[in-house]
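The chain is numbered in sequence order, starting from 1.
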Amino acid sequence: QVQLVESGGGLVQAGGSLRLSCAASGRTFSTGTMGWFRQAPGKEREFLARVSWSAGSTYYANSVKGRFTISRDNAKNTVYLQMNSLKPEDTAVYYCAASTITSNIETMYPYWGQGTQVTVSS
């Protein structure tokens, strides 16, 4: 069993930055992928970024490319999402998720955190 705990959400003004963290415990992976998703009110959950545990390779959705950076610290079993130049439309609940494969598809991630709220004011 894998447990994921997000932290770092909050209220920030447009143009500001936040760094989200996702601490993994339990049966962690030396391979596989960690992803970040978000869900805004009334919208479907959206893929944002993923990073591989082993090689650290990354992939971003076009909506956040150039503004968000995903990274991982294998020693701490923690994944980060650095979010810069935040916009009001980035307001959502942000989730981290773990998968044994490389995927951008929500259903390919069996393990999820509880989510952390990010609110960007205009």
Side-chain angles (χ1 to χ4, degrees):
Q1 192 72 7
V2 175
Q3 292 82 42
L4 303 175
V5 179
E6 301 100 335
S7 61
L11 174 65
V12 63
Q13 289 189 330
S17 298
L18 281 175
R19 189 177 81 156
L20 305 182
S21 299
C22 174
S25 61
R27 186 178 74 85
T28 55
F29 303 109
S30 58
T31 59
T33 302
M34 292 293 293
W36 283 99
F37 296 74
R38 68 184 178 191
Q39 188 167 22
K43 295 188 176 181
E44 294 185 351
R45 192 143 53 184
E46 173 191 13
F47 165 81
L48 300 176
R50 57 172 165 82
V51 62
S52 65
W53 276 116
S54 55
S57 56
T58 59
Y59 182 88
Y60 297 91
N62 288 336
S63 59
V64 301
K65 193 178 297 182
R67 297 191 300 127
F68 291 9
T69 302
I70 190 171
S71 61
R72 92 275 190 247
D73 184 331
N74 292 49
K76 295 182 179 180
N77 286 328
T78 300
V79 175
Y80 304 97
L81 186 68
Q82 177 67 44
M83 306 186 295
N84 299 328
S85 302
L86 283 163
K87 308 173 183 179
E89 51 264 44
D90 292 317
T91 295
V93 177
Y94 284 69
Y95 299 89
C96 68
S99 176
T100 57
I101 65 171
T102 300
S103 177
N104 301 345
I105 301 173
E106 176 182 348
T107 54
M108 294 293 105
Y109 287 78
Y111 305 104
W112 291 81
Q114 81 287 353
T116 185
Q117 176 70 45
V118 171
T119 303
V120 184
S121 63
S122 57

Next on the checklist: Quick one, Val118 with Met83, criterion side chain to side chain contact (heavy atoms under 4.5 Å, CB included). Give me CA distance, side-chain angles, the key distance, then yes/no.
Outcome noted: CA-CA 10 Å; Val118 171; Met83 306 186 295; 3.9 Å; yes
Checklist entry - Distance-only, no hydrogens or angles: does the Arg19 side chain make a donor-acceptor pair with backbone N or O of Gly8 under 3.5 Å? => result no
Next on the checklist: Keeping Thr69 on the side-chain end and Gln82 on the backbone end, is there a donor-acceptor pair under 3.5 Å?
Outcome noted: no
Next on the checklist: Over 60° means perpendicular and under 30° means parallel, so tell me whether Phe37 and Tyr109 are parallel, tilted or perpendicular.
Outcome noted: perpendicular
Checklist entry - Could you walk me through whether Leu81 and Val64 pass the side chain to side chain contact (heavy atoms under 4.5 Å, CB included) check? => result CA-CA 11 Å; Leu81 186 68; Val64 301; over 6 Å; no
Next on the checklist: Quick one: does any side-chain atom of Thr78 pair with a main-chain N or O of Lys76 as donor and acceptor, under 3.5 Å?
Outcome noted: yes
Next on the checklist: Nearest 0.5 angstrom please: Leu18 CG to Phe68 CZ, how far?
Outcome noted: 9.0 Å
Checklist entry - Any donor and acceptor pair, going by atom type alone, linking the side chain of Thr100 with main-chain N or O of Gly32 inside 3.5 Å? => result no
Checklist entry - Is the backbone of Arg38 close enough, under 3.5 Å, to the side chain of Glu46 for a donor and an acceptor to pair up by distance? => result no
Checklist entry - Does any donor atom in the side chain of Ser57 or Ser52 lie under 3.5 Å from an acceptor atom in the other side chain? => result yes
Checklist entry - Do the side chain of Glu6 and the main chain of Gln114 share a donor and acceptor less than 3.5 angstrom apart? => result yes
Next on the checklist: Among Thr119, Val12, Thr91, exactly one meets side-chain contact (heavy atoms from CB on, under 4.5 Å) together with Leu86. Which residue is that?
Outcome noted: Val12
Checklist entry - Donor-acceptor pair, Arg50 side chain versus Ile70 backbone, under 3.5 Å? => result no
Next on the checklist: Working note: Arg67 + Tyr60, criterion side chain to side chain contact (heavy atoms under 4.5 Å, CB included); need CA distance, chi angles, decisive distance, verdict.
Outcome noted: CA-CA 10 Å; Arg67 297 191 300 127; Tyr60 297 91; over 6 Å; no
Checklist outcome for this item: Nearest heavy-atom approach of Trp36 to Val79 is NE1-CG1, 3.5 Å
Checklist entry - Under a single-linkage definition using a 4.5 Å side-chain heavy-atom cutoff for Ile, Leu, Val, Met, Phe, Trp and Tyr, are Trp112 and Tyr94 assigned to the same hydrophobic cluster? => result no
Next on the checklist: Show the nearest heavy-atom pair for residues Trp53 and Asn77, with the distance to one decimal.
Outcome noted: CH2-C, 3.7 Å
